[in-house]
2 protein chains.
Amino acid sequence: MTNNSNQKTILLVDDDKDIVQTIQGNLVIDGYNVISAFTGQGGIAMAEKKNPDLVLLDLNLPDLDGVAVCKILRNKFNFPIIMLTARDGLSDKVLGLKTGADDYIVKPFDFLELSARITAIFNRIERTIVQSKQQFGDLEINFRTRQVLMNSSTIKLTKTEFGLLELFVTYPGKALTRKFIEKQIWPDSKLYSNSRALDVHIQRLRKKIKAKSDHPEYIVTIPGIGYRFNTENR
Amino acid sequence: MTNNSNQKTILLVDDDKDIVQTIQGNLVIDGYNVISAFTGQGGIAMAEKKNPDLVLLDLNLPDLDGVAVCKILRNKFNFPIIMLTARDGLSDKVLGLKTGADDYIVKPFDFLELSARITAIFNRIERTIVQSKQQFGDLEINFRTRQVLMNSSTIKLTKTEFGLLELFVTYPGKALTRKFIEKQIWPDSKLYSNSRALDVHIQRLRKKIKAKSDHPEYIVTIPGIGYRFNTENR
DNA sequence: TAAAAATGTAACGATATTGTTACATTAGAG
DNA sequence: CTCTAATGTAACAATATCGTTACATTTTTA
């Protein structure tokens, strides 16, 4: 029905048409969708139009300096950039990486190394994304999907309850004052200094957590101060 | 109130104590907290205990093969791994990267390059995390905070509406069938084949988007099929 | 073009979520 | 221990969200 393929698009920017053809052919064999440009301007335009998953950028371009192109791309987009260049000097490499490139490969290179470095970057991104899950003892929180699991069974939290939990796990083990919590949960509301709303939401969250856990309190009360999220001994 | 320091910890695993000392000194100057181990076993133990932000792994270790250590670490942890080694062969590099390393540097190397590659990796991670924001024309979506901005002003979406928007931007420009959308939004519900709920939620989402935008429809109806999220010409 | 099918949309009741209140319980000060 | 302040918690009303329905409008089919 919908195209669910995870095929990644790689933009290749190089003015040497032979090199483009060779690399493109190999990348296609690797399963990538490849688009190309022969100038810096063309590369930038193509990036804006196609929003590729990764860019291979030669530093020797006919119109613009490759480093300048890299800067522009890095400024506007988040995709990884690998520089391909004949410049082997240390200062070139360091400059390239400091400009925002994710990797720097010196020509001539073997395609197998390029391929391995591309997948290494994609794997790093994948691992980083998956890492948006956090585990606290028998509690598992997926911040991307907002799914909360306790002992592998789902806990349904309301928006406010999830906000509280998110706040607690951001400062595990730290005592958070009532005022601080209230400011985070209700940022533009009037001062809740005399409201009991926070107490009530804490109770509701505790009840839902406790219903699924055999552990004692995750949320510890500190009278006169506020609350603390207990992550020890789990 | 809470310790907000962003100092990163790097674990250096190498049996050459001179090299360890040199690299460690330079990394400390770069502002990192550095811990070290001289054996594979020691490195694994240290990683488990300290959960570093990055590991520098020499492939020549007295007890275990470096590639084996890398496999074990990659299996258990998400932190990036940079291999440091004298093995310059193509197959070594490719094997190293395929084993799960994020980068591979051949000894002898200049510290400046190592330093640049470390920050390149940290920057990639940072960008990937921040990338949980997406821009579509005048529409900006932060998937982490679930905040939606249109022309820089906030749109308040309900859970279902945000789910729809998230689904649409996952498949920009693609036609999504009603059945597909319904399965994604109400996964464990009965078949909504004859329900009009989807239509109603689409209208509500459209109204909220339109209220803030001067563009035509973002969500295009495809009669008989479903809907399509229009990302062109914005 | 006319009929049929699909979609748009306002309005309604059901349910979920929220913040307040009142009273019970607990912790800490003296 | 007693008193007081802080916190726990059930119940309630206000609001938000949801899915259905009925009817209007648009698109497709024939």
Side-chain angles (χ1 to χ4, degrees), chain A residues 146-148 154-168 175-211 216-230, chain B residues 146-148 154-168 175-211 216-230:
Chain A
R146 302 208 144 204
Q147 199 179 50
V148 178
T154 300
I155 301 182
K156 237 187 97 184
L157 297 184
T158 71
K159 211 168 70 177
T160 311
E161 288 155 8
F162 187 88
L164 277 173
L165 183 60
E166 188 174 28
L167 186 58
F168 280 129
L176 306 182
T177 66
R178 300 176 73 91
K179 196 171 291 177
F180 175 76
I181 298 171
E182 287 169 349
K183 270 189 186 156
Q184 301 292 317
I185 302 290
W186 299 282
D188 34 35
S189 168
K190 64 191 179 299
L191 283 180
Y192 278 80
S193 35
N194 56 347
S195 162
R196 306 297 313 283
L198 175 59
D199 305 58
V200 175
H201 284 288
I202 291 279
Q203 293 327 305
R204 288 170 179 162
L205 178 56
R206 274 179 174 158
K207 199 178 287 179
K208 289 186 182 180
I209 289 178
K210 206 180 297 181
E217 300 277 32
Y218 271 85
I219 301 167
V220 179
T221 306
I222 311 171
I225 308 291
Y227 299 92
R228 188 170 62 78
F229 193 71
N230 184 9
Chain B
R146 303 208 144 204
Q147 198 179 48
V148 178
T154 301
I155 301 183
K156 239 188 97 184
L157 297 184
T158 70
K159 212 168 70 178
T160 310
E161 287 155 7
F162 188 88
L164 276 172
L165 183 60
E166 188 173 27
L167 186 58
F168 280 128
L176 307 182
T177 67
R178 301 176 71 90
K179 197 172 291 176
F180 174 75
I181 297 172
E182 286 169 348
K183 269 189 186 155
Q184 300 293 316
I185 302 291
W186 300 283
D188 33 37
S189 168
K190 63 190 178 302
L191 282 181
Y192 277 81
S193 35
N194 55 348
S195 162
R196 307 296 313 284
L198 174 59
D199 304 59
V200 176
H201 283 289
I202 291 278
Q203 293 327 306
R204 288 169 179 162
L205 178 55
R206 275 178 172 159
K207 199 177 288 180
K208 288 185 182 181
I209 289 178
K210 206 180 297 181
E217 300 278 30
Y218 270 86
I219 303 166
V220 179
T221 306
I222 310 170
I225 307 291
Y227 299 92
R228 186 170 64 78
F229 192 71
N230 184 10

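When reading the values below, keep in mind they use all heavy atoms of this one structure, side chains included, and skip hydrogens, waters and symmetry mates. Residue numbers begin at 1 in each chain, while the letters A, B, ... track the order of the sequences.
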Q: Report yes if a side-chain nitrogen or oxygen of Trp186(B) is closer than 4.0 Å to either non-bridging phosphate oxygen (OP1 or OP2) of dC18(D); otherwise report no.
A: no
Q.
Show the nearest heavy-atom pair for residues Leu164(A) and Leu198(A), with the distance to one decimal.
A. CD2-CD1, 3.9 Å
Q. When we call it a touch if two heavy atoms are under 4.0 Å apart, what does Leu157(A) touch: a base, just sugar-phosphate, or nothing?
A. nothing
(Q) Would you call the rings of Phe229(A) and Phe168(A) parallel, tilted or perpendicular, taking 30° and 60° as the class edges? (A) parallel
Q) So does Tyr227(B) get a side-chain nitrogen or oxygen closer than 4.0 Å to the phosphate oxygens (OP1/OP2) of dG8(C)? A) yes
Q.
Using a distance-only criterion (donor-acceptor N/O pair, under 3.5 Å, no hydrogens), is the base of dG19(C) paired with the side chain of Arg196(A)?
A. no
Q: Indicate, with a heavy-atom threshold strictly under 4.0 Å, whether Arg206(A) touches base, sugar-phosphate, or nothing.
A: sugar-phosphate
**Q.** Between C1' of dG8(C) and CD1 of Ile209(B), the distance in whole Å
**A.** 16 Å
(Q) Please report the distance, rounded to the nearest Å, between CZ in Arg178(B) and C1' in dA5(C). (A) 12 Å
Q: Select from Gly224(B) and Ile202(A) the residue whose nearest nucleotide in DNA chain D is closer to the 5' end of that strand.
A: Ile202(A)
Q: Among the candidates dG8(D), dT20(C), dT9(C), find the nucleotide nearest to the side-chain atoms of Gln203(B).
A: dT9(C)
Q: Would you tell me if any nitrogen or oxygen in the side chain of Thr221(B) comes within less than 4.0 Å of OP1 or OP2 on dG8(C)?
A: yes
Q.
Counting the atoms with a prime plus P, OP1 and OP2 as sugar-phosphate, which does Leu198(A) contact under 4.0 Å by heavy atoms, base, sugar-phosphate, or nothing?
A. nothing
**Q.** Exam field: side chain Arg206(B) to backbone Ile219(B), donor-acceptor pair closer than 3.5 Å
**A.** yes
Q. Which pair of heavy atoms, one from Lys208(B) and one from Lys156(B), lies closest together, and at what distance?
A. NZ-O, 2.9 Å
Q | dG19(D) base / Arg204(B) side chain donor-acceptor hit below 3.5 Å | A | yes
Q. Counting only side-chain N and O atoms of Ser195(B), is one of them less than 4.0 Å from OP1 or OP2 of dG19(D)?
A. no
Q. Starting at the 5' end of DNA chain C, which residue's closest nucleotide do you reach first, Pro223(A) or Thr160(A)?
A. Thr160(A)
**Q.** Phosphate-side-chain proximity, Thr158(A) and dT18(C), N/O vs OP1/OP2 below 4.0 Å
**A.** yes
Q) How do His201(B) and Ile222(A) order along DNA chain D: which one's closest nucleotide is nearer the 5' end? A) Ile222(A)
Q | Lys159(A) NZ to dA16(D) P, straight-line distance once rounded to whole Å | A | 11 Å
(Q) Can you tell me if Lys207(A) touches the phosphate of dA10(D), counting only side-chain N or O atoms and a distance under 4.0 Å to OP1 or OP2? (A) yes
